[in-house]
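Note sheet for the following structure.
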Amino acid sequence: MTVVAFAEKNKAAEEIAKILSSGSYSRTNIEGASAYKFKRNGEDWIITGLAGHIMGYDYPTEYNRWNEVDPGILLDVDPQKFVTKENLANAVEKLSKNAHLIILACDYDREGENIGFEAKELAERVSTAPIKRARYSSFSKSEIEKAFDHPGEPDTNLAMAAETRQILDLKMGAAFTRYVTLSVREKAYTKEVLSIGPCQTPTCGFVYEREKSIREFKPKDFWKILADFDTKEGEKLTAEKEKSEKGNENPNDDAGGKTKAKRTKKNESETEFQGTHRTGQITEKEKADDIFKRIKGEKKAVVDKKTVKEQSLAPPVPLNTTEFLKRASSFLNISPEKALEIAEQLYLSGLTSYPRTETNMYAPDFEFLPILSELTKNPSYSKTIEQLIRETAGKVVPKNGTKDAKDHPPIYPIRGATQPDVEKLVNLPGAYPVYDLICRHFIANLMPSAIFEKTKLDIKIKEEIFDVTGSMKKSSGWLSIYDYETKKDKMLPPMEEGDILFVQKIQNMASKTAPPKKLMESELLTLMDKNGIGTKATAPTHIETNKKRGYFETAGKTISILDTGYMLMESLDTAVPIVIRPEIRSQVENLIQQVEDGKMTMNEALLSGTALIKKMYGDLTANKDRLVQKLAGSIKSEAAESDKKNYVGVCPVCANALRLITTDKGRFIGCVGYPDCSQTYPVPKTGALTILRSKKCQKGGIAVIDVGKKYNWAVGVGPCFNCDQKDECDPPETAGICPKCKDGQMVMVRLSDSRFLSCSKKCGHTQSLPKAGRLTILDEKCPICGWNLFRNKENEKEAEDFCANRRCRAIGLKNEQQKSNSN
DNA sequence: GCAAGGTC
């Protein structure tokens with residue numbers, strides 16, 4: 001008989017085996033899963049790691065046909081639990097058969113309890129052995145031994161809370177997603193799914209809110225009074241003042257101006273600085289003008305007050321997942337999804353600790369010195385570490401955060417490694433920068449604060465006070481190893497109270513308030529974290545889902561909403577506003593918490609949660625028309641734009657996309673907004689059509705299309721040979737002045753089945769050209785009429801040069817000449 | 001084909 005234990009993941013299983021067996025365990029394979037065997041107190045133990053959830057909810061298969069099931073019905077159907085990882089489920093059953101005691105040993109949190117219950121459910125199918133729960137929140141020897149020597153009872157409420165979440169999330173997600181997707185498909189063809197969920201949608205909602213405030217932003221005028229001061233010229237003024245006090249009553253107004261030119265650049269940066277009038281941004285112009293008028297032309301200012309303060313900047317607190325992802329995004333430009341993937345690999349390679357944690361403080365018995373000594377293996381850290389240990393006499397103290405979720409320790413380095421070492425172990429772009437960040441953060445956290453000297457000056461011009469601040473780093477502290485955010489010193493020239501300064505310039509600067517900036521990925525992570533959207537492990541996934549759905553995109557660290565995302569959020573905002581806000585999550589979370597606390601049964605919570613979703617679903621369906629109208633248009637336009645070959649441009653009537661449409665009856669350009677918008681344009685019936693994107697029609701045509709490589713056609717205008725600005729579009733092939741109106745140029749018109757010359761001024765004069773052969777216009781001019789000569793080359797014949805002007809006798813001459821040459 | 005949560 002055996003004691004069987006299930007941990008949440010393989011690594012944890014091995015760690016526990018190591019501790020409980022004091023290192024003498026063996027690895028074995030059960031149904032493809034690693035298991036660890038050892039003896040403990042005379043009993044056989046075997047512990048295996050699951051891989052997170054091994055079961056999951058889904059609807060019974062008969063509800064999988066989207067087109068045959070009203071999405072609303074999904075709210076009345078109970079999803080069923082299925083095994084999602086067959087091999088692990090088999091391993092659980094196989095091991096449980098021979099167990100006399102089963103211990104659930106997953107992470108000590110809601111999902112961990114639930115994962116344990118999945119194993120419990122499978123075990124109970126084949127075993128009647130007692131099932132216990134080992135609770136631990138770190139891999140310290142004492143804690144693990146205590147947890148396994150005195151296991152407690154599984155916590156049904158906790159596990160059922162997770163179960164409730166799974167079912168409610170699925171119900172809402174499936175019903176909303178299917179409803180929106182199917183409704184839009186009635187109006188616009190798209191294979192894509194338009195998904196909605198209690199985490200992904202509020203995530204997009206944050207991006208939408210920011211975008212909306214940018215779009216709705218109205219800049220406001222404001223004025224700022226700025227003064228440029230100079231200490232060096234001030235000294236002269238002081239001297240003059242002293243002189244004048246001795247009796248010389250003729251101060252030189254222009255003294256500053258004259259000597260200014262002589263000053264060197266270097267001096268300028270040391271003696272000049274700028275101050276802002278204490279009122280800051282002034283919204284009334286009169287007020288700014290008033291202040292400006294009072295001091296305009298003043299050349300003298302005085303340092304009225306000077307305060308110098310030391311300010312310290314504490315090191316960052318230990319990294320939890322959210323903080324890590326934020327820093328990877330803003331310092332390293334690595335997306336949350338990639339960063340977590342890299343951290344996962346660093347963890348699996350033994351370089352860093354477990355990356356999914358909410359905790360940002362170290363346990364009191366955490367040992368820093370062995371890790372610091374590991375990190376000296378990397379020469380970029382060794383000097384700092386040696387200094388740190390010397391200065392603290394080996395008693396390092398972390399600057400802890402305040403969150404202790406009792407899940408895992410903060411993210412910290414486990415092994416010291418150089419760049420090549422790391423890259424050998426983790427073959428992912430960004431692996432070393434991420435490792436480096438984790439190491440530097442770990443070291444910085446143990447280092448002293450950085451000290452800055454902040455200087456604040458009140459400078460008076462007459463009675464008006466100007467503020468000036470300066471900052472100088474006195475001691476780098478932790479910043480010396482953590483140079484991701486460099487804070488530049490803002491140096492001021494040395495000054496004391498009572499000093500007189502020369503005022504070089506006073507400006508009354510008109511300016512406008514700037515719109516909010518686009519949302520950064522790190523800000524989005526903060527918003528999600530604060531509002532309880534997703535967990536430490538899933539936040540990156542929700543961001544990715546929105547990108548995959550085409551709701552928003554990222555360029556570097558900046559997020560921009562896309563049309564579909566904006567329209568979807570806008571529609572939901574009017575129909576079911578709660579869905580795009582964090583409240584959707586917190587309402588469900590409240591129910592779950594009640595289950596966890598035993599105040600509500602799972603069934604009660606499900607009933608109440610389903611009622612909430614039904615209410616929202618009702619609001620959604622009641623607004624179908626508006627939703628579909630907005631989304632269908634945007635989707636059609638996006639699909640049309642991505643259809644490079646047929647996309648023509650933007651419809652001037654409804655701003656949807658115009659595309660080239662070919663039917664059995666013919667071809668034309670139409671608006672994707674059809675049937676709501678019936679804008680169409682004709683195109684020539686024959687000739688291959690190529691949309692020339694680089695050409696812009698000078699006569700307001702929507703686009704320029706090349707027809708059969710022969711001539712151009714301006715959409716909405718007509719053939720380009722009628723365009724009097726055609727030089728800017730496509731250089732025409734001109735023969736010479738029109739013999740009829742003597743104003744226009746005879747331009748070659750090439751059609752699919754004919755070619756001719758036509759007057760560019762549309763006087764009506766045309767002239768035929770040879771039907772066969774490759775026809776080109778030469779630079780050489782006809783000596784008689786001045787037209788350009790033509791060259792025609794027919795198959796298997798010599799090229800023939802001639803003047804095409806019907807009214808020019810040269811035509812005959814040239815032809816005769818050619819014939820005699822060839823004979 | 002729908003969600004979110006684990007983990008690989």
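Order of the sequence lines fixes the chain letters, A, B, ..., with proteins taken first and strands second; residue numbering starts at 1 for each chain. Any value given below was found using the heavy atoms of this structure, including those in side chains, with hydrogens, waters and symmetry copies removed. If you're wondering where the values come from, they're calculated on a predicted model, not measured in any experiment.
Legend: residues meeting side-chain contact (heavy atoms from CB on, under 4.5 Å) with Ala13(A), ordered by chain and number and at least two apart, are Ala7(A), Tyr36(A), Ile47(A). Not counting sequence neighbours, the partners of Glu124(A) by the salt bridge (charged side-chain N to carboxylate O under 4.0 Å, His left out) test are Lys120(A).
Where Lys536(A) and Ser195(A) each meet DNA chain B at their nearest nucleotide, the meeting point lying more 5' is that of Ser195(A). DNA chain B is contacted by both Pro202(A) and Lys191(A); Lys191(A) maps to the nucleotide lying nearer its 5′ end (nearest heavy atom per residue).
Rounded to whole Å, atom C1' of dA3(B) lies 15 Å from atom CG of Leu194(A). As a whole-Å value, the separation of Asn546(A) CG from dA3(B) C1' is 13 Å. Nucleotide dA4(B) holds its P atom 16 Å from the CD atom of Gln587(A), rounded to whole Å. Remark: P of dT7(B) and CZ of Phe6(A) are 17 Å apart, rounded to the nearest angstrom. In this structure, His542(A) atom NE2 and dA3(B) atom P are separated by 11 Å, rounded to whole Å. Rounding to whole angstrom units, CG of residue Asn64(A) and C1' of dC2(B) are separated by 9 Å. Taking atom CD1 on Ile613(A) and atom P on dA4(B), their separation rounds to 12 Å, with Å as the unit. The separation between Tyr551(A) atom OH and dA3(B) atom C1' is 12 Å, rounded to whole Å.
Nearest to the side-chain atoms of Arg165(A) among the listed nucleotides dT7(B), dA4(B), dC8(B) stands dA4(B). If you check dT7(B), dG1(B), dC2(B) against the side chain of Tyr354(A), the one that comes closest is dT7(B). In this structure, the nucleotide among dT7(B), dG5(B), dA3(B) sitting nearest to the side chain of Lys9(A) is dT7(B). With dC2(B), dC8(B), dA3(B) as the choices, the nucleotide that has an atom nearest any side-chain atom of Gln200(A) turns out to be dA3(B). Out of dT7(B), dG5(B), dA3(B), the shortest distance to the side chain of Thr538(A) is found at dG5(B). The side chain of Arg178(A) lies closest to dC2(B) when the candidates are dG1(B), dC2(B), dT7(B). Among the nucleotides dC8(B), dT7(B), dA3(B), the one closest to the side chain of Asp169(A) is dA3(B). For Tyr347(A), the listed nucleotide lying nearest its side chain is dC8(B); candidates were dC8(B), dC2(B), dG5(B). The side chain of Trp66(A) sits closest to dG1(B) out of dG1(B), dA4(B), dA3(B).
Nucleic acid contact for Tyr57(A): base, since at least one base atom lies under 4.0 Å from a heavy atom of the residue. Among the protein residues, Arg549(A) comes within range of the sugar-phosphate backbone only, with heavy atoms under 4.0 Å from sugar or phosphate atoms but none that close to a base. Nucleic acid contact for Leu348(A): sugar-phosphate only, since backbone atoms but no base atoms lie under 4.0 Å from a heavy atom of the residue. Heavy atoms of Leu168(A) sit nowhere under 4.0 angstrom from any nucleic acid atom.
Shown for residues 524-535 of chain A: residues whose heavy atoms fall under 4.0 angstrom of DNA chain B, namely Gly534(A), Thr535(A). Residues of residues 102-125 of chain A that place a heavy atom closer than 4.0 Å to DNA chain B, in numerical order, are Asp107(A), Glu111(A).
For Glu186(A) and Lys624(A), the salt-bridge test passes: some basic side-chain N is under 4.0 Å from an acidic carboxylate O. A salt bridge is defined here as a Lys NZ or Arg NE, NH1 or NH2 lying under 4.0 Å from an Asp or Glu carboxylate O, and Arg549(A) with Glu192(A) fails to meet this definition.
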For residues 526-534 of chain A, dump all side-chain donor-acceptor pairs below 3.5 Å to protein atoms at least two apart in sequence or in another chain.
unit_1	atom_1	unit_2	atom_2	d
Thr526(A)	OG1	Lys326(A)	NZ	3.2
Thr526(A)	OG1	Ser522(A)	O	2.9
Asn531(A)	ND2	Leu527(A)	O	2.7

Enumerate, atom names and distances included, each donor-acceptor pair closer than 3.5 Å involving a side-chain atom of residues 598-609 of chain A, sequence neighbours excluded.
unit_1	atom_1	unit_2	atom_2	d
Thr601(A)	OG1	Glu604(A)	N	3.1
Glu604(A)	OE1	Thr601(A)	N	2.9

Please tabulate, for side-chain N and O atoms in residues 421-429 of chain A, each donor-acceptor pair with protein atoms closer than 3.5 Å (sequence neighbours left out).
unit_1	atom_1	unit_2	atom_2	d
Asp421(A)	OD2	Thr418(A)	N	3.1
Asp421(A)	OD2	Thr418(A)	OG1	3.0
Glu423(A)	OE2	Gln419(A)	NE2	2.9

Please set out all donor-acceptor pairs under 3.5 angstrom arising from side-chain atoms of residues 573-581 of chain A, sequence neighbours excluded.
unit_1	atom_1	unit_2	atom_2	d
Asp573(A)	OD1	Arg581(A)	NH2	3.0
Thr574(A)	OG1	Glu570(A)	O	3.4
Thr574(A)	OG1	Ser571(A)	O	2.8
Arg581(A)	NH2	Glu209(A)	OE2	3.1

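Sorted by first then second residue, the ring pair (Phe, Tyr, Trp, His ring centres under 6.0 Å) pairs that include residues 337-356 of chain A, not counting sequence neighbours, are Tyr347(A)-Tyr354(A), Tyr354(A)-His408(A).
Phosphate proximity of dC2(B) to Thr181(A): absent, as no side-chain N or O sits under 4.0 Å from OP1 or OP2.
Between Tyr412(A) and Phe442(A), the angle of the ring planes lies from 30° to 60°, which puts this pair in the tilted group.
With hydrogens and angles left out, the side chain of Asp58(A) and the base of dC2(B) share a donor-acceptor pair within 3.5 Å.
Put simply, the residue from Asp70(A), Asn67(A), Leu74(A) that forms a side-chain contact (heavy atoms from CB on, under 4.5 Å) with Arg178(A) is Leu74(A).
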